[in-house]
Amino acid sequence: MEPKNLKWWQKTVVYQIYPRSYKDSTGNGIGDLRGIISKLEYLKELGVETIWFSPFFASPQQDHGYDVKDFRLIDPVYGSMNDFDKLLKNMHEREMKIVLDLVLNHTSVEHPWFIESASNRDNPKRDWYIWRDGQKSNGKKPPNNWRSMTGGSAWKYYENTDQWVYFHFLPFQPDLNYRNPNVKEEMFNTMRFWLDKGVDGFRLDILHSIYEDEKLRNNPFSFSIYSDKNSALFFQQHKYDLNLPETFDFCLELRKLINEYEPERFLVGEVFGGIEQLRDYYGPENNSLNEVFLFEFTSNALKFNINKIRKIISRIEKSIPYPYTPTYVYGNHDRDRYLSLLKGNIQKAKLLVTMQLTLRGVPYIYYGEEIGMENVKFKLKSSEDPIGQKFAKFPYPQISNLIGFSLTRDRCRTPMQWSLEPHAGFSSNKETEPWLKVSNNSKLVNVEIQKENPASLLNIYKKLLKIRKEFNSLHEGELEFIKLEDLFKKVLAYRRVYGNQEILIYLNFANKDLTFRISKSNPELIFSSYFNNKESDIFINDRYIKLSAFEAVIFK
Ligand code: GLC
């Protein structure tokens with residue numbers, strides 16, 4: 001089927017802001033909405049038009065906003081509803097789209113609903129959460145064997161009512177009970193509240209865990225510590241607590257809800273599972289979640305293994321073909337920064353971003369990736385991140401490579417590096433330390449310096465984002481691999497075709513010059529990741545080209 005008339009959310013590029021770390025306008029060491037507003041021009045110039053914000057709703061901030069105590073209020077740490085309205089207006093005036101992060105799955109223990117619910121067994125809000133008696137005669141063993149996503153039992157005991165409450169993530173984030181129609185209605189109305197204000201979409205936090213088995217059947221044992229295929233984590237196959245049939249029905253309802261709105265809104269789900277399961281989240285007729293995150297690139301593949309990368313792209317193309325919209329995610333607020341996986345190799349990063357911005361689907365850029373921010377080291381025990389604290393005494397820190405998230409996510413959440421000023425220009429107040437220390441590479445890696453250098457990573461992102469917008473085939477076209485027999489293990493090549501427009505992409509994964517024949521004679525060079533390389537440096541004759549180590553090129 002020939003792609004055509006794609007919707008804005010199929011063609012867009014999404015940029016994720018972690019509000020706490022973007023720009024502090026008040027000088028208290030924590031980023032805020034006004035700070036973000038002051039950087040909208042930067043984002044516009046960069047060339048991204050959809051911005052997803054990690055949560056800034058009222059919250060005790062135990063999980064920095066992923067523990068909400070009022071879904072319809074802005075946390076004073078980040079500003080006021082006025083600031084939000086201003087942000088929305090300023091974004092729409094610049095033709096940018098605003099995507100909020102909605103945590104439907106759970107609330108904070110400080111949410112008034114939970115306080116009521118926990119107060120006694122007869123409270124009208126009791127059934128808004130999942131309370132159960134314990135096992136054994138004295139009830140002192142959790143109701144079943146379910147493990148939380150961060151390890152250990154997924155149940156917390158409350159002595160006052162002698163019952164256990166279920167949580168999928170951390171104990172202070174109890175899961176809402178979506179089998180109760182009042183919960184569903186309230187949360188749907190919350191979505192409408194924001195949609196009526198004009199927000200363009202939602203990123204839906206751990207949506208695969210919205211429903212759990214009514215009978216609370218025990219999960220089976222798994223031999224793997226982590227596997228996407230059968231949703232295994234910590235040696236348990238999450239058969240009865242994740243990806244339930246009810247969850248897929250729920251997603252269809254969510255889509256119906258946003259379909260009530262014009263202009264069109266969108267939903268991107270944070271869900272985990274095998275690729276077939278992920279595909280099912282798009283709905284049988286592309287009528288469910290508009291997109292889901294595909295995380296495979298956030299770990300193994302970014303270690304620059306061409307075979308793995310090719311396999312992942314093929315798998316995505318096969319399982320999530322047009323009209324479904326795949327996503328290409330290189331990092332987020334839970335994962336290691338991709339440049340650190342590449343050991344800081346900027347040339348490799350330039351190749352990978354050329355790939356990300358020329359594949360079929362929607363690229364997700366995590367703030368700071370555009371200047372090559374890297375992980376910053378933090379001690380687990382003094383970690384701001386509650387996961388870091390939870391794992392502080394855990395003897396095997398290497399486990400993080402196996403389970404897909406960092407043990408302290410502080411390391412990928414450090415303040416944005418804007419300039420050579422104190423605190424890298426993140427906070428105007430020299431006296432106050434930012435909530436997380438700024439990377440000590442900020443004198444070399446920052447926006448101010450990179451802006452001036454045409455060969456910088458920042459300018460590569462800008463150039464690619466511009467090219468992506470200019471050529472329809474890059475956002476709307478089909479993707480076909482180009483066969484390069486003998487260089488199969490060194491060069492990844494594909495074409496993007498839309499109508500008469502054909503764009504060719506060649507990526508040299510080898511750490512040396514390579515000369516080879518291209519698929520079309522004398523195409524025009526529109527981009528090289530080596531800033532200075534011109535056609536005369538690349539073409540040997542009209543059919544043969546020479547690429548430098550890790551060079552990425554685009555032809556038309
Ligand atoms: C998601 C978020 C993560 C958060 C968790 C609990 O995985 O990405 O940051 O801590 O859900 O809401």
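Counting starts at 1 for both ligands and their atoms, following the listed order.
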Cut-off 3.5 Å, no hydrogens considered: what does the side-chain donor-acceptor table look like for residues 375-382, sequence neighbours left out?
| unit_1 | atom_1 | unit_2 | atom_2 | d |
| --- | --- | --- | --- | --- |
| N375 | OD1 | R337 | N | 2.8 |
| N375 | ND2 | D336 | OD1 | 3.2 |

So K308 and E296, salt bridge (Lys or Arg N to Asp or Glu O under 4.0 Å) or not? Walk me through it.
CA-CA 10 Å; K308 276 195 187 154; E296 279 190 276; over 6 Å; no
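With sequence neighbours excluded, the residues satisfying ring-ring contact (aromatic ring centres under 6.0 Å, His included) with F272 are H208, F295. By the ring-ring contact (aromatic ring centres under 6.0 Å, His included) test, F426 is found to be paired with no residue, residues two or more places apart in sequence or in another chain being considered.
Within the 6.0 Å centre-distance limit, the rings of Y158 and F114 are counted as a close aromatic pair.
Smallest separation of non-hydrogen atoms from T12 and V362: O-CG1, 3.4 Å.
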Using a cut-off of under 3.5 Å, which N/O atoms of ligand 1 pair up with protein N/O atoms, and what distance separates each pair?
| unit_1 | atom_1 | unit_2 | atom_2 | d |
| --- | --- | --- | --- | --- |
| ligand 1 | 7 (O) | E270 | OE1 | 3.2 |
| ligand 1 | 7 (O) | E270 | OE2 | 3.0 |
| ligand 1 | 8 (O) | R203 | NH2 | 3.0 |
| ligand 1 | 8 (O) | E270 | OE2 | 3.4 |
| ligand 1 | 8 (O) | H333 | NE2 | 2.9 |
| ligand 1 | 8 (O) | D334 | OD2 | 2.5 |
| ligand 1 | 9 (O) | H333 | NE2 | 2.8 |
| ligand 1 | 9 (O) | D334 | OD1 | 2.7 |
| ligand 1 | 9 (O) | R409 | NH1 | 3.2 |
| ligand 1 | 10 (O) | D63 | OD1 | 3.4 |
| ligand 1 | 10 (O) | D63 | OD2 | 2.5 |
| ligand 1 | 10 (O) | R409 | NH1 | 2.9 |
| ligand 1 | 11 (O) | D205 | OD1 | 2.9 |
| ligand 1 | 11 (O) | D205 | OD2 | 3.0 |
| ligand 1 | 12 (O) | H106 | NE2 | 3.0 |
| ligand 1 | 12 (O) | D205 | OD2 | 2.7 |

